[in-house]
There are 2 protein chains.
Amino acid sequence: MNVEQAMDKLKSEGYKYTDKRFDMLTLFSDEGRYLAAKDVLESLQVKYDGMSFDTIYRNLSVFTDLGILEATELDGEKRFRFSCDTNDHHHHLICLECGKTKHIHHCPMEAAVSEQGFQVTGHKFEVYGYCEQCQ
Amino acid sequence: MNVEQAMDKLKSEGYKYTDKRFDMLTLFSDEGRYLAAKDVLESLQVKYDGMSFDTIYRNLSVFTDLGILEATELDGEKRFRFSCDTNDHHHHLICLECGKTKHIHHCPMEAAVSEQGFQVTGHKFEVYGYCEQCQ
DNA sequence: CTCCGTGCAAAGCGTTTGCACGGCG
DNA sequence: CGCCGTGCAAACGCTTTGCACGGAG
């Protein structure tokens, strides 16, 4: 998925084109890492003067609902990243400093769970630390 | 670790004995599952009329600092459970309804991470779903 | 012209903190 | 009798929501 495809998806679902949505998606596409709402605001308010959290949050929510972004939560803060190819199930190494990620192509679910009577609906495997630049 | 050992630890670290602390620890010991602050309040305010979140949060913080409780975060809410034996590294199946947990004795870290240049400081592997009773 | 997207403001939720008092040691 | 633990109240950070206006289609 790239920015154009994401905007197409928006339109096909009845959402309108706006420069701010385009710029938000471009930001996520360019960065390719987890960003918090405040990171998005910081980036966009350079260009848009009155830009506030409301629009950010509302659009993040729209994007996530449409599967354009994927979300995780760290230290009570939601973070979002451009959705990776969903056909390729994987997990992330996440840098606690800059939010950059690396893929982990090993999913522990296969080996881990042999529980009877527990209906699994989801799982989370994340490794935290510091990337080469941030150490 | 049991309640008595936990209270001893508190004393040895210079913290005082209070009924509320004892009851909080007893609750966590009895339940043996993840509880949110509001769950603790709900349980203790039956016995203590003016009981408020302040004490809960402050003591949860103390307990966690001393390693008596372990914490995780789910849906923007901190949850705590009586610390399992720390010698036995493991992860949890967590019921999204009642918070009950089962241990997963397989840790994915060994198999997963062969990244160069990434300094790993922590990891999280949790499986979510519904236990037999809550399905 | 009709809604959707937006900014503004205020509220929401879980959590944290300053203060003064009361109780443990 | 000193200091820690507590309740009260207020503030906090992040997020969500009601409202009215302006811009996309």
Side-chain angles (χ1 to χ4, degrees), chain A residues 6-27 34-66 68-80 96 99, chain B residues 6-27 34-66 68-69 71-81 96 99:
Chain A
M7 292 303 293
D8 287 346
K9 172 120 193 166
L10 271 180
K11 284 186 207 170
S12 73
E13 299 280 344
Y15 293 95
K16 292 182 177 172
Y17 173 92
T18 62
D19 286 342
K20 284 164 190 166
R21 282 181 175 165
F22 180 80
D23 286 353
M24 281 182 68
L25 291 172
T26 302
L27 174 66
Y34 279 109
L35 298 172
K38 64 169 183 291
D39 300 322
V40 180
L41 180 67
E42 208 167 287
S43 170
L44 291 208
Q45 68 184 1
V46 175
K47 181 168 171 187
Y48 303 101
D49 196 29
M51 191 85 193
S52 70
F53 275 115
D54 319 81
T55 305
I56 306 283
Y57 280 115
R58 270 188 278 240
N59 286 334
L60 288 174
S61 172
V62 168
F63 297 157
T64 307
D65 287 348
L66 296 184
I68 295 169
L69 297 182
E70 44 187 279
T72 191
E73 209 177 323
L74 197 54
D75 294 328
E77 206 179 47
K78 293 181 181 173
R79 297 195 184 199
F80 303 83
L96 295 171
Chain B
M7 292 304 294
D8 286 349
K9 173 119 194 168
L10 272 180
K11 283 186 208 172
S12 73
E13 297 281 344
Y15 293 96
K16 292 184 177 171
Y17 174 91
T18 62
D19 287 340
K20 284 164 190 165
R21 282 180 175 164
F22 179 80
D23 286 352
M24 281 182 68
L25 290 172
T26 302
L27 174 66
Y34 279 109
L35 297 172
K38 65 168 182 293
D39 301 320
V40 179
L41 180 66
E42 210 168 285
S43 170
L44 266 66
Q45 67 183 3
V46 175
K47 181 169 172 186
Y48 303 101
D49 196 29
M51 190 87 194
S52 71
F53 275 116
D54 318 80
T55 304
I56 306 283
Y57 280 116
R58 270 187 277 239
N59 286 334
L60 287 174
S61 172
V62 168
F63 297 156
T64 306
D65 287 348
L66 296 183
I68 295 170
L69 296 183
T72 191
E73 208 176 325
L74 196 54
D75 295 328
E77 205 180 47
K78 292 182 182 172
R79 299 194 185 199
F80 302 83
R81 59 166 293 138
L96 296 171

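Residue numbering restarts at 1 for every chain, and letters A, B, ... go by the order of the sequence lines.
Between the NZ atom of A:Lys20 and the P atom of D:dG22 there is a distance of 13 Å, given to the nearest Å. For the pair A:Asp19 CG and D:dA24 P, the interatomic distance rounds to 8 Å; values are reported in whole Å. Look at CZ on B:Arg58: it is 15 Å from C1' on D:dC12, rounded to the nearest Å. If you take CZ of A:Phe53 and C1' of D:dC12, they are 14 Å apart, rounded to a whole angstrom. The interatomic distance linking A:Glu77 (CD) with D:dC12 (P) rounds to 18 Å, in whole Å. Atom-to-atom, NZ of B:Lys78 to P of D:dC14 comes out at 12 Å; the value is rounded to the nearest Å. For the pair A:Ile56 CD1 and D:dT16 C1', the computed distance is 15 Å after rounding to whole Å. If you take CZ of A:Arg79 and P of D:dC14, they are 11 Å apart, rounded to a whole angstrom.
Residues A:Gly50 and B:Lys16 each lie close to DNA chain C; by heavy-atom proximity, the contact nearer the 5' end of the strand is made by A:Gly50. Both A:Asp54 and B:Asn59 sit near DNA chain D, but only B:Asn59 has its closest nucleotide nearer the 5' end.
Looking at B:Thr64, its side chain does come within 3.5 Å of a backbone N or O of B:Leu60 through a donor-acceptor pair. Within the 3.5 Å criterion, the main-chain N or O of A:Val62 finds no donor-acceptor partner in the side chain of A:Asp65. The closest donor-acceptor contact from the side chain of A:Ser12 to the backbone of A:Lys9 lies under 3.5 Å. Without hydrogens or angle criteria, A:Ser43 side chain to A:Asp39 main chain gives no donor-acceptor distance under 3.5 Å. Using a distance-only test at 3.5 Å, with no hydrogens or angles considered, no donor-acceptor pair links the side chain of B:Ser61 to the main chain of B:Tyr57.
Rounded to 10 degrees, the angle separating the terminal axes of the helix from C:dC1-D:dG25 to C:dG25-D:dC1 is 30°, with each axis obtained from five end pairs.
A:Leu66 places a side-chain heavy atom less than 4.5 Å from the side chain of A:Tyr15.
Qualifying side-chain hydrogen bond (donor to acceptor under 3.5 Å, both in side chains) partners for A:Lys38, counting only residues two or more places apart in sequence or in other chains: A:Glu77.
Shown here is B:Glu42, whose CD atom has no more than 12 heavy atoms of other residues, nucleotides or ligands within 6.0 Å.
At the heavy-atom level, A:Ala36 lies nowhere under 4.0 Å from the strands shown.
Mapping heavy-atom proximity under 4.0 Å, the span of DNA chain C touched by chain A runs 5' to 3' from C:dC3 to C:dA9.
Atom CE of A:Met24 and atom CG of A:Leu41 lie 10.0 Å apart (nearest 0.5 Å).
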